[in-house]
Amino acid sequence: AENEPVQLPDGERYLRFTVPAEQKRELMQRGSLYRSARVVRREPDSLTCFCVLNEEGRPKRPDDPLMEFVLIPGDPENISRRCQGRARKLEIVSLSAFSVGLLMNLYIALLVVNAVIR
């Protein structure tokens with residue numbers, strides 16, 4: 001949940017919290033990355049920040065190389081659900097296209113076999 005820190009192996013506390021969208025430029029100047037997805041249609045009013053805090057309580061990049069100092073537009077769970085729904089739709093479209101191609105090839109193969117048998 002938000003503001004529940006995770007203890008990293010090096011002892012740092014990794015946090016998730018919401019920041020106003022106006023702080024995006026300042027946090028990116030400090031080394032933050034900005035990650036978005038195609039399902040995000042417009043810039044939200046707030047960003048979700050994943051980071052550790054320095055001694056002054058300001059967000060900074062974790063020392064752990066596997067953890068990111070990243071900004072996500074809006075709620076990551078909502079973005080995840082929307083991406084999953086879009087992926088499901090694209091899977092159905094690709095399965096339909098594959099099936100149509102398979103049926104067309106089967107029809108052509110049966111025409112060829114029929115022509116060879118005659």
Side-chain angles (χ1 to χ4, degrees):
E2 190 167 322
N3 293 330
E4 289 185 28
V6 174
Q7 188 83 21
L8 299 177
D10 63 0
E12 287 185 306
R13 295 164 55 94
Y14 193 66
L15 300 167
R16 168 191 168 176
F17 59 94
T18 303
V19 296
E22 296 81 38
Q23 290 185 5
K24 176 181 173 183
R25 181 169 301 201
E26 174 191 345
L27 292 171
M28 290 184 72
Q29 288 174 348
R30 284 200 222 145
S32 173
L33 301 174
Y34 181 75
R35 303 276 190 230
S36 189
R38 285 187 179 176
V39 297
V40 178
R41 300 280 186 233
R42 62 178 179 77
E43 288 293 318
D45 297 334
S46 64
L47 303 169
T48 301
C49 181
F50 293 89
C51 64
V52 296
L53 301 177
N54 63 14
E55 294 79 25
E56 295 90 37
R58 302 186 73 162
K60 74 172 190 103
R61 178 177 299 285
D63 292 333
D64 187 331
L66 297 178
M67 303 308 286
E68 289 190 286
F69 179 20
V70 66
L71 298 171
I72 308 291
D75 180 31
E77 285 86 8
N78 186 23
I79 294 171
S80 176
R81 279 190 296 279
R82 290 171 44 203
C83 284
Q84 188 176 18
R86 181 170 163 82
R88 200 64 69 210
K89 289 175 190 171
L90 292 174
E91 286 172 1
I92 291 168
V93 168
S94 65
L95 179 61
S96 300
F98 178 79
S99 299
V100 167
L102 183 66
L103 289 174
M104 287 174 44
N105 283 321
L106 180 61
Y107 178 72
I108 292 169
L110 289 174
L111 286 178
V112 170
V113 169
N114 188 27
V116 169
I117 292 177
R118 283 187 181 186

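Because the structure is a prediction, the values reported are computed rather than measured. By convention here, the first residue in the shown sequence is residue 1.
The main-chain N or O of P76 is never found under 3.5 Å from a side-chain atom of S80 such that the two would form a donor-acceptor pair. Using modelled atom types, no side-chain atom of R13 and backbone atom of P5 make a donor-acceptor pair closer than 3.5 Å. In this structure a side-chain-to-backbone donor-acceptor pair under 3.5 Å is missing from T18 to T48. Under a 3.5 Å cut-off, the side chain of E12 and the backbone N or O of V52 do not form any donor-acceptor pair. N114 places no side-chain N or O within 3.5 Å of a backbone atom of L110 that could act as its donor or acceptor partner.
The distance from atom CZ of R61 to atom OG of S32, rounded to the nearest 0.5 Å, is 7.5 Å. One finds the OG atom of S96 at 11.5 Å from the CD atom of E91 (value rounded to the nearest 0.5 Å). L33 contributes atom CG, which lies 11.5 Å from atom CG of L27 (distance to the nearest 0.5 angstrom). Rounding to the nearest 0.5 angstrom, the gap separating the SG atom in C51 from the CG atom in L71 is 8.5 Å. Between K24 atom NZ and C49 atom SG the span is 13.0 Å, to the nearest 0.5 Å.
Looking at heavy atoms from C-beta onward, P62 lies out of side-chain contact with F50 at the 4.5 angstrom threshold.
Of all the heavy atoms in L47 and P73, the pair that sits closest is CD2-CA, 3.7 Å.
Counted within 6.0 Å of CG on D45, heavy atoms from surrounding residues, nucleotides or ligands total 12 or fewer; the atom is thus considered open.
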message: If you apply the rule salt bridge (charged side-chain N to carboxylate O under 4.0 Å, His left out), what do you find for R30 with E56, and how did you get there?
response: CA-CA 14 Å; R30 284 200 222 145; E56 295 90 37; over 6 Å; no
